[in-house]
**Q** 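Have a look at the structure that comes next, please.
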Protein chains: 2
Amino acid sequence: MTGLTRATVSALVDDLVAGGLITEMDPPPRTGAGRPAVGLALSSAGPAGLGCEINVDYLAACVVDLTGTVRQRFVEHADQRPSGAERSLESLGRLAARARLAAEAEGLTVAGAALAVPGLVAGNGSVRVAPNLDWQDVDAPALLRAVPELADLPISVDNEANLAALGELRVSGGDPTFLYVSGEVGIGAGLVLDGRLYRGVRGWSGEIGHVTVYPDGRPCRCGARGCLEQYAGQEALAGDLPLAAASLGIALAAVVNLLDVPVIVLGGAYAPLFAELRAGISEELSRRVLTSGLADVVLRPAALGADAAMRGAADTVIRAVRDDPAAWLRR
Amino acid sequence: MTGLTRATVSALVDDLVAGGLITEMDPPPRTGAGRPAVGLALSSAGPAGLGCEINVDYLAACVVDLTGTVRQRFVEHADQRPSGAERSLESLGRLAARARLAAEAEGLTVAGAALAVPGLVAGNGSVRVAPNLDWQDVDAPALLRAVPELADLPISVDNEANLAALGELRVSGGDPTFLYVSGEVGIGAGLVLDGRLYRGVRGWSGEIGHVTVYPDGRPCRCGARGCLEQYAGQEALAGDLPLAAASLGIALAAVVNLLDVPVIVLGGAYAPLFAELRAGISEELSRRVLTSGLADVVLRPAALGADAAMRGAADTVIRAVRDDPAAWLRR
DNA sequence: TTGATTTGTTTATTGGTTGAATTATTTGCC
DNA sequence: GGCAAATAATTCAACCAATAAACAAATCAA
């Protein structure tokens, strides 16, 4: 597939095995005649990713190894709104430190950390706004690194819906292009195009909750009227489910018309309600998507549950190692 | 910038000069002391791109050289709706052949052709639907190649708004991410992300004309209700301009919320009306874009006029040569 | 046991890049 | 006018990763 010769591949694989990224499997899988091949697999003892998440009512951290297996998982339920950013991130840092130490006791090396937050994140990792946490301009990486056990780690920060979309990308059966919609208190979306998360120029993509569905409709806390969030957010969801489905369908039809996205994944609070929402969404999609006669849009519930964002965060770290293993070996 | 040594760069440049892609300039530009450098510029005598366009009321073809200069330009005004696809594409083929021959008489080598159509294009270049031409499943590349003078050319086909966006990308002062909105009989959009046109999985992105702005509004010929096209299409534009601006603003706010696009370019019929439309669009954008308090969305009229799609088409050909010059040299 | 088949390694060769030295061409200063 | 400094470009031996082809290893089937 790569066009490289067996000799070259062997040399490269030797480096990866020596660097602990790949292990040789014994006994190897077989086919027909001939000398049996040596099996190779991603190492479960090499570099690992530390995924962290802060949300309105919980803190979470996990360590995922190169194979994608969750090796450590810590969750702490507590309302974060009264704490303020500093106290919350200090608690999360301690939780993450526990996860890291437990993982390293198992022989893993944590290569880096990523943090999922329900808000807008600037390019340098600072959180511009997190409305539901009441945060503004929080330098999250610095506050996390204040915990001594994390001081040496590279830490990235991203929106929770974006990272949940990445988590879904990993477990999904290989749809390289889809929209992940996360129904929480607000509604966020993560857009994966050709296998890569599209973050937008300033990292502020995916704010589907504030797409207008009824221009003169209900007032939204953002100041506008008729935002999707007012019709399909967690509060509205408890009331009129058919309205929630129709409004979701209208907003999603806009996405499909604009981006020709063939798959939509419903996560967060939408996942358990998928059966009830599906028909209403589909109806609006088939009515309003210009190409609905040419090809269907696939609707499906998220495969990962509440851990999606945290797992996606950890995944960004190990994906970086997998995308450029030589950089890891040179470290 | 590349990290290559001068020796290596010299060797590579030698190949490009020998292949006619680059010419040495004489006299070169100067700075201070020292041996003066040899100036290098893209050759205006090398490979060129043939850009073609078919639209409701005209046919057009042009040849653009490596430097981006339009070297030949032919336009034929005539209503194409009564002709049918075969006759239209034969006429366009003859026009393109004239452009090609004239360009080759000037020493250019036409490397390929690209065709802009107002419709949905499949991956193989066939036009699935072009509503305003009343086309369905037209194998446009084959019909163009039926003209003997074009038989040897690789021909690609794309949506006109997509190609106009690419044309705009070339002349714009380097915004790598923007949405180009083309107001014609219908409304199309071309989405350029990080300097690359995003076509969607099936090539059907950019159908902003069928984004819903008023869910229970005017019926559209697509079967839905309240599509943008009914409020900001060429017919609606002649009537209520403030309504057109507001509805455009609502749809564009959705794009910005979803994609964090920092620049919106208004083309086609919108370009001459830019002054009248601007305030109405901006008002809705600042009201409905969640991040409008954090960073502005830039609105500007298209720099290229009616030639945008044709120029963008030609540009795709020369861009392919520039992106992989070695492939051209190996030919 | 033999031959076919497949996997993996060895080794000389190749081609592109590098680095250092060299040559070329200008400006600025005494 | 002559010389030093600065900058540009080329030459050439050395290096390195990948290649191709031969060879060794390990299995199955007859």
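Convention: sequence-line order gives letters A, B, ...; per-chain numbering from 1.
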**Q** Return the value, rounded to whole Å, for the distance between atom CG of A:Asp14 and atom P of C:dG8.
**A**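 It works out to 11 Å between those atoms.
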**Q** Among the candidates C:dT9, C:dT17, D:dC28, find the nucleotide nearest to the side-chain atoms of A:Arg6.
**A**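 The answer is C:dT9, which lies nearest to the side chain.
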**Q** Can you tell me how far C1' of C:dG8 sits from CD of A:Glu24, to the nearest Å?
**A**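 Whole-Å distance recorded here is 11 Å.
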**Q** Determine whether a donor-acceptor pair (N or O, by modelled atom type, separation under 3.5 Å) exists between the side chain of B:Asn159 and the backbone of B:Asn162.
**A**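 Between the backbone of B:Asn162 and the side chain of B:Asn159 there is a qualifying donor-acceptor contact (under 3.5 Å).
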**Q** Rounding to an integer number of Å, can you tell me how far A:Met25 CE sits from C:dG8 P?
**A**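 Atom CE in A:Met25 sits about 13 Å away from atom P in C:dG8.
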**Q** Is any side-chain nitrogen or oxygen of A:Ser10 closer than 4.0 Å to OP1 or OP2 of C:dG8?
**A**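 Result: no.
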**Q** Can you find a side chain N or O atom of B:Thr5 that sits less than 4.0 Å from OP1 or OP2 on C:dG19?
**A**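 No, outside the criterion.
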**Q** Return yes if the base of C:dT6 and the side-chain atoms of A:Arg35 contain a donor-acceptor N/O pair under 3.5 Å, otherwise no.
**A**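 Under the 3.5 Å cut-off, the side chain and the base do not form any donor-acceptor pair.
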**Q** Please confirm whether the backbone N or O of B:Arg71 pairs with a side-chain atom of B:Thr69, one donor and one acceptor, at under 3.5 Å?
**A**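 No: the side chain of B:Thr69 does not pair with the backbone of B:Arg71.
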**Q** Tell me which of A:Val9 and A:Gly34 sits closer to the 5' end of DNA chain D, going by the nucleotide each one is nearest to.
**A**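 That would be A:Val9.
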**Q** From CG of A:Leu12 over to C1' of D:dT19, roughly how many Å is that when rounded to an integer?
**A**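 In whole Å, D:dT19 C1' and A:Leu12 CG are 13 Å from each other.
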**Q** Are any side-chain N or O atoms of A:Thr67 and backbone N or O atoms of A:Ser44, one a donor and one an acceptor, separated by less than 3.5 Å?
**A**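 It does not hold such a pair.
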**Q** Rounded to whole angstroms, how far apart are CG on A:Asp15 and P on C:dT9?
**A**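 Value for this atom pair: 13 Å.
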**Q** Could you tell me whether the side chain of B:Arg202 and the main chain of B:Ala122 form a donor-acceptor pair under 3.5 Å?
**A**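 Pair absent, no side-chain N/O of B:Arg202 close to backbone of B:Ala122.
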**Q** Could you please name the option among D:dT19, C:dT18, C:dT27 that lies closest to any side-chain atom of B:Ala7?
**A**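 My answer, after comparing the listed nucleotides, is C:dT18.
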